[in-house]
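Below is one structure, written out as structure tokens; the observations come after it.
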Number of protein chains: 2
Amino acid sequence: MSSGSDQQDIKREKILEAAYQRFLHYGYSKTTMNEIAGDLSLSKALLYYYFPDKSQLYIAVMRKLAAEYIQKLQNKLNKFENLKEAFIVQIDTQHDFVVKNYNFFDFFRVNEQNLPDTIWDIITEIHQTEMVLLSAAIQIEADKGNIKPVDNPGEIVDLLLDALHGVRVSAVSHKKVIFPQKEHLEEIHTKRLLLLDIFIKGLMY
Amino acid sequence: MSSGSDQQDIKREKILEAAYQRFLHYGYSKTTMNEIAGDLSLSKALLYYYFPDKSQLYIAVMRKLAAEYIQKLQNKLNKFENLKEAFIVQIDTQHDFVVKNYNFFDFFRVNEQNLPDTIWDIITEIHQTEMVLLSAAIQIEADKGNIKPVDNPGEIVDLLLDALHGVRVSAVSHKKVIFPQKEHLEEIHTKRLLLLDIFIKGLMY
DNA sequence: AAACTGACTATTTAAACAAAATTATCAAAA
DNA sequence: TTTTGATAATTTTGTTTAAATAGTCAGTTT
């Protein structure tokens with residue numbers, strides 16, 4: 001695989017784990033390299049021996065989380081009963097992922113515009129995976145004749161993912177938020193399932 | 001109606017119009033009260049005779065635009081053929097509204113979080129109107145028996161409006177944008193019509 | 001009195017700078 | 001090869017000052 005030794009990989013993993021905990025609790029900007037090193041009783045300089053800089057460390061953690069997410073999605077989507085269930089799996093898995101790592105993503109909220117390209121690459125990779133898996137699910141269902149034949153399943157999946165993404169809570173005065181608050185995630189989840197329900201019916205004969 | 005004289009109202013209108021043009025071309029922060037006054041060959045002080053401050057002036061313009069938008073929507077939605085057409089009217093009207101006034105809304109992009117409450121009130125009012133009109137449209141269609149009966153039309157409308165709101169363009173790497181760029185509005189419009197199509201079918205038997 | 005202005009004050013923005021915190025490097029040690 | 005202490009470089013934070021702009025008001029014009 002990689003060029004490093006086993007020992008090196010283990011240490012890398014330890015660093016990634018410590019960094020993840022810090023980022024998760026305090027967010028990117030409130031986490032210092034000193035603190036991560038301190039947690040592991042290492043010198044800060046060593047972190048730079050294993051990772052080129054702070055943002056690369058963050059991205060490495062992100063990549064790991066994304067890989068786990070993708071893995072989970074692939075496992076679960078191997079054995080779906082029908083199209084709707086497939087999308088429910090996607091929605092649920094993503095929901096869990098976001099709830100669990102909510103604070104980790106403060107980096108996104110802060111940097112809002114101009115996230116580094118590497119982050120976008122990861123997002124794109126996740127999206128690609130979702131597209132492939134869910135497009136296949138649509139295709140299978142179309143072949144089974146349960147829904148209308150679609151010439152471009154990807155387009156449909158993309159549209160639905162966008163639509164789901166748009167679901168927000170109706171806050172007191174009307175939806176004052178760009179990023180959803182953590183306490184609203186459950187409500188969003190419920191509404192998404194409703195939207196999915198209608199959307200799927202719309203694909204049927 | 002209001003306490004001011006006709007002359008006063010006319011002048012107020014002139015100021016609103018001049019302010020609108022400035023805000024539309026240069027945005028909120030790049031427009032000075034001096035410039036607006038200059039356009040009308042008035043002293044800046046007079047603007048403060050008619051409006052308490054700059055933000056109130058902006059909001060007054062906003063309110064006017066919103067009123068026009070609401071008016072247009074109500075007129076058009078008086079005579080819709082079927083549910084789908086009603087939503088198409090909403091989508092088209094909003095599309096035109098956003099395209100026409102795109103630069104005016106830079107205020108929103110800049111202030112992003114914490115917009116003044118008065119702005120949210122206007123947004124809420126627009127949303128309320130859309131809710132009332134489109135909920136009625138759903139109810140009528142349900143009564144006609146063209147779609148399944150719905151216990152809470154408002155919930156459905158809210159959900160669809162959210163979903164439509166979520167539709168974004170797939171930029172090069174995957175959708176790097178929070179606010180849509182002006183050049184993407186057409187593509188978004190097209191995708192929204194597709195989403196609408198599926199959603200409406202999902203409401204039918 | 002209502003509409004209006006010039007000259008003034010108050011506030012906000014920006015630029016320049018210094019101090020502190022944090023990131024990042026590197027020669028040398030284990 | 002892995003690790004560190006010391007140090008350099010950069011970023012963030014806070015402060016000051018100057019300029020631009022918002023906002024006020026006594027007084028003039030209609």
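A note on names: the letters A, B, ... follow the listed sequences, proteins ahead of strands, and every chain is numbered from 1. Keep in mind it's a predicted model, so treat the numbers as computed, not measured.
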Please report the distance, rounded to the nearest Å, between [atom1] in [X] and [atom2] in [N].
X       : N      : atom1 : atom2 : result
B:Leu47 : D:dA22 : CG    : C1'   : 11 Å
B:Leu42 : C:dG6  : CG    : C1'   : 14 Å
A:Met33 : C:dA21 : CE    : C1'   : 15 Å
B:Asn34 : D:dT21 : CG    : P     : 8 Å
A:Tyr50 : C:dT23 : OH    : C1'   : 20 Å
A:Leu46 : C:dA30 : CG    : C1'   : 13 Å
B:Phe51 : D:dA22 : CZ    : P     : 15 Å
A:Ile36 : C:dT22 : CD1   : C1'   : 12 Å

Sugar-phosphate only, base, or nothing, as touched by B:Ser55 at under 4.0 Å among non-hydrogen atoms: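 The answer is nothing, as B:Ser55 stays clear of every strand by at least 4.0 Å.
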Touch class at under 4.0 angstrom, heavy-atom based, for B:Ser29 against every strand present: nothing
Most 5' of A:Lys30 and A:Ser43 on DNA chain D, judged by nearest nucleotide: A:Ser43
Over 12 non-hydrogen atoms of neighbours within 6.0 angstrom of OH in B:Tyr26: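 No, OH of B:Tyr26 has 12 or fewer neighbouring heavy atoms, counting only those of other groups under 6.0 Å.
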Whether over 12 other heavy atoms sit under 6.0 Å from B:Lys30 NZ: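 No - once you tally the heavy atoms of other residues, nucleotides and ligands closer than 6.0 Å, there are 12 at most.
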Using only side-chain N and O atoms of [X], determine if any of them is under 4.0 Å from OP1 or OP2 of [N].
X       : N      : result
B:Gln7  : C:dA2  : no
B:Gln8  : C:dA3  : yes
B:Lys44 : C:dG6  : no
B:Tyr49 : C:dC4  : no
B:Tyr48 : D:dG23 : yes

From B:Lys191, B:Arg192, B:Arg168, residue fulfilling salt bridge (charged side-chain N to carboxylate O under 4.0 Å, His left out) relative to A:Asp162: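 For A:Asp162, the salt bridge (charged side-chain N to carboxylate O under 4.0 Å, His left out) check succeeds only for B:Lys191.
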A:Leu73 CG to A:Asn78 CG distance, which is reported to the nearest 0.5 Å: 10.0 Å
Nearest-0.5 Å distance that lies between atom NE2 in A:His184 and atom CZ in A:Phe179: 15.5 Å
B:Thr32, nearest nucleotide to its side chain (from D:dT21, C:dT25, C:dC4): D:dT21
